[in-house]
Amino acid sequence: MSSFTRRDYARMASEPMDELSKQCVFEAFHGHGPGGQGVNTADSAVRTTHVPTGIVVVSRESRSQYRNRQLCLRKIQDELRRRSVPPAVRHATKPTHGSVLRRLEAKQARSRTKSLRGKIRDERDL
């Protein structure tokens with residue numbers, strides 16, 4: 001678990017792209033998947049690690065390494081923004097009276113169905 005607060009993530013997300021870029025390590029590699037020669041013969045895919053937080057993103061959408069670097073930075077910025085937002089508060093709720101009744105009726109119907117699965121008794125068994 002990282003020691004960053006939501007405020008820290010918000011501050012990092014608001015930094016300019018060139019400052020964010022200085023905090024990252026970029027690694028180019030051969031992409032794979034659809035795209036043929038444009039993907040398989042060039043080191044156009046980019047893996048970016050944001051060193052302070054350890055966030056790792058990959059971009060291979062474009063055939064341009066420069067464009068993929070920019071997309072990676074945008075993905076990191078989006079992730080920093082996502083981590084800066086507190087989760088929604090969840091409130092416990094109770095099932096409605098109607099849903100409780102429907103559930104109990106369904107259980108009773110299932111019980112009746114299962115009770116009919118017993119052995120068939122012959123008159124000779126009596």
Side-chain angles (χ1 to χ4, degrees):
M1 186 73 187
S2 66
S3 60
F4 292 105
T5 64
R6 297 193 187 287
R7 192 171 290 148
D8 294 332
Y9 286 121
R11 181 186 46 77
M12 286 187 272
S14 65
E15 291 178 354
M17 283 292 192
D18 58 333
E19 290 296 319
L20 191 62
S21 176
K22 291 176 185 174
Q23 300 171 1
C24 295
V25 175
F26 296 94
E27 178 186 353
F29 61 95
H30 277 323
H32 62 277
Q37 288 180 338
V39 172
N40 299 332
T41 61
D43 287 342
S44 59
V46 176
R47 181 181 301 112
T48 304
T49 304
H50 186 244
V51 176
T53 60
I55 297 171
V56 178
V57 295
V58 174
S59 178
R60 55 178 159 256
E61 286 87 12
S62 173
R63 288 174 54 182
S64 165
Q65 187 180 125
Y66 176 78
R67 176 79 176 125
N68 283 333
R69 287 170 70 107
Q70 298 307 312
L71 291 171
C72 278
L73 286 173
R74 190 169 297 144
K75 287 179 183 182
I76 287 177
Q77 196 173 42
D78 291 343
E79 179 63 19
L80 290 170
R81 277 195 198 104
R82 188 191 67 75
R83 291 184 184 194
S84 70
V85 176
V89 178
R90 297 186 64 185
H91 301 284
T93 59
K94 293 182 180 178
T96 63
H97 182 67
S99 67
V100 170
L101 291 178
R102 282 190 298 274
R103 179 173 172 264
L104 292 176
E105 287 170 4
K107 282 176 161 246
Q108 290 167 356
R110 186 74 179 153
S111 173
R112 285 191 297 271
T113 301
K114 286 188 167 193
S115 68
L116 296 174
R117 293 184 184 163
K119 285 188 174 181
I120 297 175
R121 299 187 71 180
D122 222 3
E123 288 182 16
R124 292 178 289 191
D125 294 337
L126 295 176

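Positions are given from 1 along the sequence. If you're wondering where the values come from, they're calculated on a predicted model, not measured in any experiment.
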_side-chain contact (heavy atoms from CB on, under 4.5 Å) assessment of Leu20 paired with Gln23_ = CA-CA 5 Å; Leu20 191 62; Gln23 300 171 1; 4.0 Å; yes
_Taking atom CZ as the centre, does Arg117 end up with more than 12 heavy-atom neighbours from other residues, nucleotides or ligands that are less than 6.0 angstrom away?_
yes
*side-chain hydrogen bond (donor to acceptor under 3.5 Å, both in side chains) with Thr5: which residues, sequence neighbours excluded?*
Asp8
_A side-chain contact here means heavy atoms from C-beta on lying under 4.5 Å apart; do Arg11 and Glu15 qualify?_
yes
Residues 105-113 side chain polar contacts: donor-acceptor under 3.5 Å, at least two apart:
{"residue": "Thr113", "atom": "OG1", "partner": "Ala109", "partner atom": "O", "Å": "3.0"}

*asked:* If hydrophobic clusters are built by linking Ile, Leu, Val, Met, Phe, Trp and Tyr wherever their side-chain heavy atoms come under 4.5 Å apart, do Val85 and Met12 end up in the same one?
replied: no
_Can you give me the closest heavy-atom contact between Phe29 and Val46, atom names plus distance?_
CE2-C, 3.8 Å
*Considering residues, nucleotides and ligands other than Arg103, do more than 12 of their heavy atoms fall under 6.0 Å from its CZ?*
no
Please list every donor-acceptor pair under 3.5 Å in which a side-chain atom of residues 68-82 meets a protein atom from a residue at least two apart or in another chain.
{"residue": "Asn68", "atom": "OD1", "partner": "Ser59", "partner atom": "OG", "Å": "3.2"}
{"residue": "Asn68", "atom": "OD1", "partner": "Glu61", "partner atom": "N", "Å": "3.4"}
{"residue": "Asn68", "atom": "OD1", "partner": "Ser62", "partner atom": "N", "Å": "3.0"}
{"residue": "Asn68", "atom": "ND2", "partner": "Ser44", "partner atom": "O", "Å": "2.7"}
{"residue": "Asn68", "atom": "ND2", "partner": "Ser62", "partner atom": "O", "Å": "2.8"}
{"residue": "Asn68", "atom": "ND2", "partner": "Ser64", "partner atom": "O", "Å": "3.4"}
{"residue": "Lys75", "atom": "NZ", "partner": "Val58", "partner atom": "O", "Å": "2.7"}
{"residue": "Lys75", "atom": "NZ", "partner": "Glu61", "partner atom": "OE2", "Å": "3.2"}
{"residue": "Gln77", "atom": "NE2", "partner": "Ala13", "partner atom": "O", "Å": "3.0"}
{"residue": "Asp78", "atom": "OD1", "partner": "Arg81", "partner atom": "NH1", "Å": "3.3"}
{"residue": "Glu79", "atom": "OE1", "partner": "Arg82", "partner atom": "NE", "Å": "3.2"}
{"residue": "Glu79", "atom": "OE2", "partner": "Arg82", "partner atom": "NE", "Å": "3.4"}
{"residue": "Glu79", "atom": "OE2", "partner": "Arg82", "partner atom": "NH2", "Å": "2.6"}
{"residue": "Glu79", "atom": "OE2", "partner": "Arg83", "partner atom": "NE", "Å": "2.9"}

*asked:* With a 4.5 Å cut-off on side-chain heavy atoms, are Asp43 and His30 touching?
replied: yes
*Are Val56 and Phe4 co-members of a hydrophobic cluster defined by side-chain heavy atoms under 4.5 Å apart?*
no
